Amino acid sequence: MKTGITPTRSENFSEWYQNLITAADLAENSPVRGCMTIKPYGWAIWELMRTEMDKRIKNAGVLNANFPLLIPLNFFNKEAEHVAGFAKECAVVTHHRLKMIDGVLQPDPDSKLTEPYIIRPTSETIIGDAMSRWVQSWRDLPLKLNQWVNVMRWEMRPRLFLRTSEFNWQEGHNVFATHEEATADARKMHKVYADYMEQVLATPVIMGEKTPDERFAGADHTYTCEQIMQDGKALQAGTSHDLGQHFAKSFNIQYLGKDGNLQHAWTTSWGTSTRMMGGLFMIHSDDDGLVLPPLVAPYQIVIIPISREENEQELNDYAEKFGEKLRSLDIRVMVDTSDMRSSDKMWKWIKRGVPLRIEIGAREMESGTLTITRRDIGKESKRTISCDDLYSSVSDLLKTIQQDMLERAKKRNEEMITSVESLSELESNLSNGKIGFFRIKYQETLCPKFDELIEKYKISRRCLDDKDSEYVYIAKSY
RNA sequence: CGGGGUGUAGCUCAGCCUGGUAGAGUACUUGGUUUGGGACCAAGGUGUCGGAGGUUCGAACCCUCUCACCCCGACCA
């Protein structure tokens, strides 16, 4: 059978992924090294994702703000671990003017900045600086803010959506009076992320704390949402950090307590990015292309008139009218009346992952029926029903699709996790080419032998298991 | 920064070894026949051959320099 995407997932997963993105018209590589251009259809998905996430962030009592793109170099220098973590991947702004010299446009040597700026790789520092001024009294706490911005990390090995030098994200930054509140907040946002990924993206999540070797630079605790891709590799889809007093001390975020004592505050930070889109695509899509869960599909339904020349106008009008009716139910509908062969239109929207496809031909127009096909199931879900029945059941149908996609992904996840007792059992699995996550006692991994396995099989500790933190998940990762 | 590779039509690439003035597939445009899971026929447009210099009567091809990008390692939301 012909597939929408070649090669298929089993033939070559990473090439399949590249072609999936091209075929679904989501994004492309840009002229700027490591940076992608997100195309309108891809950005529409991000906007929907963002809207849902923003709602949840606001429900958590956080307002949005906006800080500068550029961060003074010395800000970065204030937290030692943080610098160590990011120094190697910073884009640096050193001049403020261009000049034509010998016919070549270049930075004007006379415009050199006395202190360079770096393009934010993350904003703990510049936000920490602001917070030191905004926090004076215990009454100013907690202070919670978030920003939706792009950041830049000069990555060595970029991949569309999964790791790009520039990416879009939200970064939340909260300040608290006590350690307990901050710890609870880091945990809370971790939970907000996991719920969001399951309920909105239909992508199941493994929740846990990062081991010290994988922790965010400058954090006491990092809580992560790990996802399992169809090839068994891990994707870190979102993290929440308990920053302790590292940044409060580096940036002097201090408040006068009820007791009259000046003390350092406690901060958290938490972020999710366009990387989550990569997870969304890699978890649900199949060999015919993208499969989108209804909640983040730019078009939840596509209507394709199956027309001949003689009845084209009539059928298009009819389809438009029905599309309008569905829109009144708050459903995002595309009626494709473009001048293409109807079979071409079908493949186009299959590849773009529209959850539900409706076909209307001349006979159906007569009888008040239509043909529907679910994207997540495919051809075998094709059936003809009356317009009235669809109208009354379509909202539930979209919910069912959303739910089924989550269940399917959850089931696959279970099959992807292997429990092992010992390092030798782990190694025999790896050497046999077993893919997926491995769950093992954390203690077992604290030895040189495990470091060898890390080298040899390119695996890493993904996280301790939140359900039982004596266990750690091991996997290859993106 | 190490190791390998590639720059030729919108895209994927052939041509280079053995110099003679640029091709295929695909996409695109037009017309016709088609049309419920990827149609076919015909006609048509498309290039500073990454850049600079050199050798030559003549360079996509040979030589020198240069720039960019890709893959493998260190990094990561």
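Values reported hereafter were calculated over all heavy atoms of this structure, with side chains retained and with hydrogens, waters and symmetry mates removed. On a predicted model such as this, the values are computed, not experimentally measured, just so you know. Protein chains get the first letters and strands the later ones, always in sequence-line order, with residue 1 at the start of each.
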Say we look at [N] and [M]: how far apart would their [atom1] atoms be, to the nearest angstrom?
| N | M | atom1 | value |
| --- | --- | --- | --- |
| A14(B) | U56(B) | C1' | 26 Å |
| A9(B) | A22(B) | P | 15 Å |
| U29(B) | C71(B) | C1' | 37 Å |
| A59(B) | U18(B) | C1' | 14 Å |
| C40(B) | A77(B) | C1' | 49 Å |
| C17(B) | C57(B) | C1' | 23 Å |
| U6(B) | C62(B) | P | 12 Å |
| C69(B) | G25(B) | P | 32 Å |

Look at the side-chain N and O atoms of K382(A) and state whether any lies under 4.0 Å from the OP1 or OP2 oxygen of G37(B).
->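 Checking G37(B) against K382(A), a side-chain N or O does come within under 4.0 Å of OP1 or OP2.
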S343(A) vs G36(B): side-chain N/O to OP1/OP2 distance below 4.0 Å = no
d([atom1], [X]; [atom2], [N]) in whole Å:
| X | N | atom1 | atom2 | result |
| --- | --- | --- | --- | --- |
| K458(A) | A74(B) | NZ | C1' | 10 Å |
| M49(A) | A77(B) | CE | P | 17 Å |
| L315(A) | U35(B) | CG | C1' | 12 Å |
| Q147(A) | A77(B) | CD | P | 17 Å |
| M197(A) | A77(B) | CE | P | 13 Å |
| R159(A) | C70(B) | CZ | P | 14 Å |
| N19(A) | C11(B) | CG | C1' | 12 Å |
| R215(A) | C76(B) | CZ | C1' | 17 Å |

Considering only NZ, NE, NH1 and NH2 on the basic side and carboxylate oxygens on the acidic side, decide whether [X] and [Y] come within less than 4.0 Å.
| X | Y | result |
| --- | --- | --- |
| D317(A) | K321(A) | no |
| D25(A) | R352(A) | yes |
| K476(A) | D231(A) | no |

What contact category does [X] fall into here, base, sugar-phosphate, or nothing, at under 4.0 angstrom with non-hydrogen atoms?
| X | value |
| --- | --- |
| G361(A) | base |
| L235(A) | nothing |
| R363(A) | base |
| G378(A) | base |
| E359(A) | base |
| K345(A) | nothing |
| E89(A) | sugar-phosphate |
| E364(A) | base |
| T224(A) | nothing |
| T371(A) | base |

Just by distance, with hydrogens left out, do S123(A) and E171(A) show a side-chain donor and acceptor under 3.5 Å apart?
->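 Distance-only check passes for S123(A) and E171(A).
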Short side-chain donor-acceptor distance under 3.5 Å, T371(A) and T384(A) |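 T371(A) and T384(A) do have a side-chain donor-acceptor pair below 3.5 Å.
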Check whether any side-chain heavy atom of W148(A) sits under 4.5 Å from a side-chain heavy atom of N168(A), and report yes or no.
->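 Answer no - side chains too far apart.
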With respect to the side chain of [X], which nucleotide from [options] is positioned closest?
| X | options | value |
| --- | --- | --- |
| E155(A) | A39(B), G37(B), A77(B) | A77(B) |
| R341(A) | A39(B), C76(B), G37(B) | A39(B) |
| S342(A) | U35(B), C75(B), C76(B) | U35(B) |
| R275(A) | G37(B), G38(B), A77(B) | A77(B) |
| F216(A) | A77(B), G36(B), G38(B) | A77(B) |

Given the rule that a pair is Watson-Crick or G-U wobble with both distances under 3.5 Å, how would you write RNA chain B in dot-bracket, using | for pairs to a different strand?
-> (((((((..((((......[..)))).((((((.....)))))).....(((((..]....))))))))))))....
Are K456(A) and E427(A) close enough, and set up right, to give a salt bridge (Lys or Arg N to Asp or Glu O under 4.0 Å), and what steps lead you there?
-> CA-CA 10 Å; K456(A) 187 167 173 194; E427(A) 177 158 27; 3.3 Å; yes
F167(A) vs W169(A) aromatic rings, parallel, tilted or perpendicular, using cut-offs 30° and 60°?
-> perpendicular
Aro-ring/base stack F167(A)-A77(B), d under 5.5 Å, angle under 30° | yes
Heavy-atom nearest nucleotide on RNA chain B taken for G85(A) and for G4(A); more 5' hit belongs to G4(A)
For RNA chain B, whose closest nucleotide is more 5', that of R163(A) or that of Q18(A)?
->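 This one resolves to Q18(A).
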Find out whether the Lys NZ or Arg CZ of K78(A) is both under 6.0 angstrom from the six-membered ring centre of F76(A) and within 45° of the ring's axis.
->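 That pair does not qualify as a cation-pi contact.
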Would you check if the side chain of R159(A) reaches a backbone N or O of T164(A) as a donor-acceptor pair within less than 3.5 Å?
-> no
Less than 3.5 Å between a donor and an acceptor, one on the side chain of R153(A) and one on the base of C76(B), is that the case here?
-> no
